[in-house]
Every structure is written in structure tokens, then in C-alpha cells.
Protein chains: 2
Amino acid sequence: MEKKYIYKRVTLNDVAAEAGVSAITVSRTIRAPTMVSAGVRKKVQAAIDLLGYVPDQAASALASERTNVVGLLVPSLANSVFSDVLRGVYDVIEGSGLSVQIGNFRYSPSKEENLLRTFLRQRPAGLIVAGIDQTEAAHALLKSAPCPVVQIMDVSDAPIDLMIGFSHYDGAVEGTQHLIEEGYERPGFLGARMDPRSQARLAGFTAEAQARGVYDPNRVITTTHPSSVGIGGQLLSDLLAQAPDTDAVFCNNDDLAAGALFEAERRGINVPRDLGICGFNDLEMSRHLNPAITSVATPRYEVGAGAMTLLRDAIADRAAIGTPQIRLGVQLMKRGSTKRG
Amino acid sequence: MEKKYIYKRVTLNDVAAEAGVSAITVSRTIRAPTMVSAGVRKKVQAAIDLLGYVPDQAASALASERTNVVGLLVPSLANSVFSDVLRGVYDVIEGSGLSVQIGNFRYSPSKEENLLRTFLRQRPAGLIVAGIDQTEAAHALLKSAPCPVVQIMDVSDAPIDLMIGFSHYDGAVEGTQHLIEEGYERPGFLGARMDPRSQARLAGFTAEAQARGVYDPNRVITTTHPSSVGIGGQLLSDLLAQAPDTDAVFCNNDDLAAGALFEAERRGINVPRDLGICGFNDLEMSRHLNPAITSVATPRYEVGAGAMTLLRDAIADRAAIGTPQIRLGVQLMKRGSTKRG
DNA sequence: CTGTTAGCGCCTTCAA
DNA sequence: TTGAAGGCGCTAACAG
């Protein structure tokens with residue numbers, strides 16, 4: 001690395017000298033323009049443009065005890081759900097002057113706690129955390145955090161602060177209901193990873209199947225492995241080995257659903273005639289499969305964008321009017337034909 | 001937000017007092033342990049653990065003119081390629097004390113330049129940038145950046161600094177060659193987005209098809225829309241409308257390939273007998289489709305992990321031994337049966 | 001509305 | 001190997 005270029009750093013004082021005012025006035029012009037008279041503001045702005053001044057975030061953070069960094073705590077970077085959320089976050093953050101720092105806690109509650117502690121030491125402007133199932137310690141840390149906190153991807157009656165998500169339980173109920181109403185009588189459940197939100201989906205499936213009198217624990221197949229198309233095929237195989245007369249599956253997500261569909265194809269099982277499949281998330285792929293599969297559409301992008309919007313407003317002290325807990329809906333995308341249709 | 005908890009910030013001085021040494025000694029214990037005697041080191045470490053000291057990054061950055069932030073510039077957050085790279089980056093960064101700041105320049109060279117300028121002002125510890133096709137200005141900025149720079153996802157003879165990627169051109173040549181060797185005689189190309197790396201794949205396809213005497217510009221269908229499964233189907237439709245006797249397609253990526261496969265199914269076209277399909281990237285899904293499709297596997301995770309490793313070592317001044325330009329291979333994953341097989 | 005003063009927590013430089 | 005002094009660039013708290 002023989003690259004060595006000295007950036008002639010332009011500071012507040014340089015701008016102040018150029019504009020003929022004091023440094024603090026320049027600072028205010030940037031942070032709170034309304035506190036500065038229009039004439040001065042114009043002069044300062046001209047000096048800023050002329051010199052190409054860019055504020056030093058480190059100095060600002062040190063002096064003000066606050067950063068412009070939003071911490072984003074996610075359990076995994078491997079799944080497509082997260083990338084949609086991230087996209088929403090970044091779309092909203094654009095031009096806000098905020099930046100994101102991602103922490104991947106790998107589904108480990110203790111790692112989540114540690115990341116949280118580290119983040120909090122850096123005086124984040126805000127925090128976005130996935131889920132509502134933090135440890136007691138993490139919950140306490142978040143509760144007393146000196147910045148707004150948004151819980152995402154789920155809903156609960158006891159939010160820490162802000163919240164935006166949807167009900168995994170309700171989504172699973174809807175999907176299961178759909179299968180039953182389409183005429184399937186022996187629905188099963190395929191689940192991988194089985195994190196708390198997957199558990200909620202299983203609970204929704206179970207409740208609905210029981211309510212309809214079609215629940216059979218032998219038709220519930222789960223694994224703690226991460227989800228994948230391949231695993232979906234395997235789980236279906238396991239299910240059919242264990243309960244061959246199963247005529248429908250509610251899948252924890254669309255990767256599993258696609259895998260189940262491909263496996264059914266391979267086995268010559270007619271979908272949807274002999275096997276109904278309902279997925280979860282409604283990935284783009286799902287509506288192009290043959291047959292396209294029904295799926296519960298989840299507002300992943302909206303969760304990311306909404307979380308960042310809540311945070312941006314809270315940071316700007318324009319706390320959202322009304323309840324800052326947003327429950328987004330899920331939408332059943334019906335695609336499979338009716339059973340034996 | 002009535003949450004107001006004052007963190008009793010633990011500083012270097014607190015640790016110093018606890019350990020009975022001066023603040024600077026604590027600082028050195030953390031940054032350069034070898035400069036401190038073993039006995040003192042142990043005492044200081046004990047004090048750090050006892051008080052739960054976490055260094056203040058802002059103060060550190062201000063005083064030292066350097067941060068522990070690595071800037072990561074990507075053209076998009078929407079595609080799955082990026083999430084694999086990100087996963088690699090985060091796996092390696094763990095425990096290094098570095099953190100990542102993502103900049104999404106949305107395939108806009110001017111936005112890339114601006115992000116670069118903003119990043120550089122914040123004294124990044126390093127920079128990872130996607131591609132080799134920066135504007136002249138961006139190239140100059142990177143060339144003179146006061147930190148290591150890694151270009152990723154592509155290879156070239158004129159790296160700015162460090163580099164890790166693979167040849168999109170060669171990958172496309174391999175895929176095209178495969179189709180031809182399997183007996184297909186009228187191969188086409190489907191491409192979306194058509195960013196520089198997509199263009200390189202098209203160039204590879206074109207060169208190989210021409211070399212084999214089977215190139216026909218009417219069989220090249222591209223769009224600047226983002227890639228998706230749906231677009232893959234559309235592109236195949238367009239191709240077949242324009243050149244109905246096309247008997248194979250090399251697809252710019254696996255999303256398009258899956259879409260093409262589904263569209264072929266819908267039209268009753270037998271794959272692979274009447275239409276050969278080769279994708280690019282080898283997403284997990286591709287080996288579970290029916291029929292599974294051949295794809296050019298790209299080391300996306302390895303690029304992310306490798307880039308972060310190069311950077312980590314360069315930052316620690318243990319510059320990699322030998323060439324810091326790494327060309328990773330791609331691997332053709334043959335899955336379709338032979339034509340008319 | 002504008003300026004002065006002081007200091008955020010750490011690291012660089014120099015001295016011991 | 002350890003310490004003392006000073007300042008990085010900015011902003012909080014006052015004053016005018």
C-alpha cells in the first residue's frame with residue numbers, strides 16, 4: 001500500500017473564517033438552521049459549498065454524545081427475508097444522514113445480548129431489533145436504552161418501545177384455513193429452523209387444524225436446520241413416510257414449499273389434486289412455479305421501511321402521532337387450484 | 001420516549017485508576033499489548049474486565065484519525081448475490097473489532113462517487129467496492145485513498161489495490177461451451193439488468209458462440225430491468241417469438257434460468273430434450289428444480305470472506321504474502337441431461 | 001440571534 | 001517500558 005494521500009481536512013473553523021462568523025454559528029447552520037438568521041445562513045452555506053466541507057462524525061459524536069448510527073440486530077444474514085427488510089431500511093435511510101450498522105447474532109440470545117451492549121456503548125441514534133423474544137437481560141437493556149428502539153418482524157402486547165411487524169400466528173391460521181376450505185382433510189406442517197417466529201406459525205397451524213378437527217401430530221415435521229429448498233423436499237419425504245395419507249402441507253416458508261413441490265413432482269404426486277401446498281412469505285419465485293403455489297404474503301420490505309421511518313421520526317423528535325406500534329397485515333395469495341379440481 | 005437511563009460511562013481513566021496505572025498505559029494495553037510489560041498487562045486486563053470497559057470509538061477516531069469502519073459499496077441490495085457476499089464479509093469480520101457500513105449506489109456511477117467521497121471523509125479503515133468499472137473520478141479517489149481498498153466480484157489486469165473476484169466472461173464461455181457440447185446448435189442468451197458484469201457474460205457467450213459458428217444476434221434478448229424469475233419467463237417468450245427454433249439458452253443468472261424453465265414447462269417444451277438451459281451463480285434452488293438446471297457456480301460467499309480477510313490483514317499491516325489479487329474459479333455444475341437424451 | 005468557554009475520551013508526541 | 005501534556009473537531013452551556 002504505497003498509496004498515501006493527505007486529505008486537507010476542512011473544519012468548522014475554516015468555514016467560519018471563510019464566512020466571517022464563529023464556528024458555533026456554522027455548526028448551528030448545519031444542525032438547526034432556524035436558529036440562524038437568513039443572511040448568515042446564506043453566507044455560511046456558500047462557504048460550506050465553496051470549501052466542500054463535510055462534518056466530522058467522530059468529533060460530532062464525541063462532543064454531542066450521540067451518533068448518527070442506527071444499530072440493526074438480525075438473527076441471520078442467510079435468508080432472503082432479511083434482505084428485503086434491509087432493502088426497506090436503506091430506501092428510507094437515504095438522505096437522512098443516518099447510517100446502519102448490522103449485527104448478526106446468529107440466533108444466539110447470548111450473542112444478541114453482547115452485540116446489544118457493544119452497540120449501546122457507541123451511543124446509537126436508534127436501534128432496530130428482530131423479534132420480541134429477547135432475553136430478560138437484553139429486554140432490560142433495550143428498555144433503558146437512551147435511544148428509540150424498534151422491534152420488527154413480529155407483534156406483541158408488550159412492546160419495548162416502537163414496533164412494526166405482523167402476526168406469524170395469524171398468517172399460519174389463514175394458510176391452514178385455506179387448505180382446509182379447499183377440501184384437504186389431512187394437512188401437515190413442514191418447518192425448519194424453528195426460531196420463535198417459526199414456532200408461532202406452527203402454533204397457528206396447530207390451533208386452526210385442531211379447531212377444524214383435522215389435527216394430527218404425526219403430520220408435523222420439523223427440523224432445526226436452516227431452511228432451504230433441499231430441506232423442504234426432505235421434510236416432505238419424511239412426512240409421507242410417517243403419514244402417507246397426508247393430503248396437504250402448510251410450509252413454514254416458501255423455500256420449503258418449493259422443495260416440497262419439487263419433491264412431489266419427482267414422486268409423481270399431482271399438485272394440487274393429491275397434495276395441497278401453502279407456503280409462507282410469498283417470494284417472487286412462488287408465483288412462477290408450476291403450479292404456482294399459494295403463499296402467505298408478508299410485508300418484509302414494508303417492515304424495514306416502516307421501522308426506519310419510525311426511527312427517523314423518533315430521532316428527529318417528531319414521534320409518530322398515535323400508536324407507534326404498527327401491526328401490518330399478511331395476505332393470502334391463493335394460487336393452487338382446488339383439491340381434485 | 002420516557003426512557004432515560006444514564007449510562008455511567010467507563011473511561012480509560014476509570015480503568016487506569018482501578019489498575020493503578022496511567023490512562024495511556026491502558027490505551028496501549030489494548031492497542032499494542034507488546035509495548036506493555038506482562039505484569040501491568042494482566043492488572044489492566046483485570047480492571048477492564050471488572051469494569052466492563054468498552055472503548056469509545058468516537059473518541060478513538062477523533063484522536064487517532066482512523067476508524068474501525070469498513071465501507072462496503074454495492075450496486076444493489078435487491079439480489080441474492082449480494083447477500084451471500086455480505087454473509088462472507090460478516091463471518092470474517094466477527095471478533096475483529098471492525099464494523100461494516102454499507103453504501104448502496106443503485107447502479108449509479110455518480111451516486112457511487114458521492115458515497116465514496118462521504119465514506120472517505122470518515123477515515124474508513126478500509127473499503128470494499130463492487131466491480132472494476134468505476135468512473136475516472138471514483139478511480140482516482142480510490143487510488144489515493146488513505147486506506148486499503150478491495151475490488152470484488154470481478155477481475156482485471158489493473159487493480160486499484162487489492163482484488164478478489166472471478167471472471168464473468170470465462171464463466172459464460174464455460175456455460176455456452178457446455179450447451180454446444182451437449183449437442184445444442186442454436187443457443188440464445190437471456191440477460192437482465194445488463195450491468196458491466198452482465199455485459200461481460202454476454203461477451204463470453206458471444207465469443208464462444210461465434211468461435212463455434214453458432215452465433216445469431218437474433219437469439220440475444222436483454223433488458224435493463226432487474227432480474228427476476230418472472231422476467232426470465234418473459235425473456236424466453238420474447239426469444240421464442242423472435243427465433244422459434246432456438247434450442248438452448250444461456251441465462252445471465254439463475255433467476256432468469258428458473259423463469260425460463262417454468263415458462264418452457266408451461267408451453268409444453270421438453271427440457272432438456274428440446275431446450276437446453278444453463279444458468280449462472282448456482283443458487284441453492286437450481287439443483288432442486290425438475291429438471292435440475294446446469295449452472296455456473298460462482299464463489300460469492302468466498303468473495304465476501306476473502307475480501308474481508310485481505311482487508312483485515314492489510315489493516316493490521318500484515319499485508320498478504322504474494323499477490324493480493326485473487327482470481328477465484330467458477331465451476332460448471334452439470335445437471336441437465338444431454339439434448340435428445 | 002450570535003459568540004465565548006470548556007471539555008467530550010482518546011491518542012500522539014515527547015520526555016523520563 | 002511508562003507517564004505528562006496537549007489537542008483532534010465539534011457542541012453544550014452559558015452569556016450577551
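Quantities reported herein were computed from a predicted structural model and do not represent experimental measurements. Proteins get letters first, then strands, A, B, ... in listed order; numbering begins at 1 in each.
The side chain of B:Arg41 places no N or O atom within less than 4.0 Å of a non-bridging phosphate oxygen (OP1 or OP2) of D:dT2. At the phosphate of C:dC8, neither OP1 nor OP2 sits under 4.0 Å from any side-chain N or O atom of B:Thr11. Residue A:Ser22 places at least one side-chain N or O closer than 4.0 Å to OP1 or OP2 of C:dG3. Proximity of B:Thr25 to the phosphate of D:dT2: no side-chain N or O atom is located under 4.0 Å from OP1 or OP2. Within the structure, every side-chain polar atom (N or O) of A:Ser64 is placed at least 4.0 Å from both OP1 and OP2 of D:dA12.
Checking D:dC10, C:dT2, D:dT2 against every side-chain atom of B:Val40, the shortest atom distance belongs to D:dT2. Checking D:dG9, D:dG7, D:dA13 against the side-chain heavy atoms of B:Ala63 singles out D:dG7 as nearest. In the set C:dG3, C:dC10, D:dT2, C:dG3 carries the atom at the smallest distance from any side-chain atom of A:Ile24.
As judged by a 4.0 angstrom heavy-atom cut-off over every strand, A:Arg28 is placed among the base-contacting residues. Among the protein residues, B:Leu12 comes within range of the sugar-phosphate backbone only, with heavy atoms under 4.0 Å from sugar or phosphate atoms but none that close to a base.
Per the geometry, CZ belonging to B:Arg31 stands 5 Å off P belonging to C:dT12, to the nearest Å. Look at CD on B:Glu65: it is 10 Å from C1' on D:dG9, rounded to the nearest Å. Rounded to a whole Å, the CG atom of A:Asn13 is 9 Å from the P atom of D:dC8. Per the geometry, CG belonging to A:Asn68 stands 14 Å off P belonging to D:dC10, to the nearest Å. Look at CZ on A:Arg121: it is 11 Å from P on C:dC10, rounded to the nearest Å. Counting to the nearest Å, the P atom of C:dC8 and the CD atom of A:Gln122 are 18 Å from each other. Rounding to whole angstrom units, CG of residue A:Leu62 and C1' of D:dC8 are separated by 9 Å. Separating the CG atom of B:Asp14 from the C1' atom of C:dC8 is a distance of 14 Å, rounded to the nearest angstrom.
Contact annotation: the side chain of A:Leu311 approaches that of A:Ile128 to within less than 4.5 Å [non-hydrogen atoms, C-beta and beyond]. Side chains of A:Asp91 and B:Arg106 form a contact here, defined as non-hydrogen atoms less than 4.5 Å apart.
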Query raised in the report: Given the rule in the side chain to side chain contact (heavy atoms under 4.5 Å, CB included) test, do A:Arg312 and A:Ile93 qualify, once you have shown the distances and angles that lead to the verdict?
Result: CA-CA 8 Å; A:Arg312 172 161 48 62; A:Ile93 213 168; over 6 Å; no
**Report entry** Stepwise side chain to side chain donor-acceptor pair (under 3.5 Å) test for B:Ser80 and B:Ser83
**Finding:** CA-CA 5 Å; B:Ser80 52; B:Ser83 70; 5.8 Å; no
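Taking 4.0 Å as the cut-off between side-chain N and carboxylate O, B:Arg117 and B:Glu112 do not count as a salt-bridged pair. Between B:Lys143 and B:Glu136 no salt bridge is recorded (no basic side-chain N to carboxylate O distance below 4.0 Å). A salt bridge is absent between A:Asp56 and B:Arg121; no separation between the charged side-chain nitrogens and carboxylate oxygens falls under 4.0 Å.
Among B:Leu142, B:Val129, B:Leu73, the one residue that satisfies the side chain to side chain contact (heavy atoms under 4.5 Å, CB included) test with B:Gln151 is B:Val129.
Each end of the helix from C:dC1-D:dG16 to C:dA16-D:dT1 gets its own axis, taken as the rotation carrying the C1' atoms of four end pairs onto the next four within a five-pair window, and the two axes meet at 20° to the nearest 10 degrees.
Nearest-nucleotide positions on DNA chain D place B:Ser37 closer to the 5' end than the other of B:Arg123 and B:Ser37.
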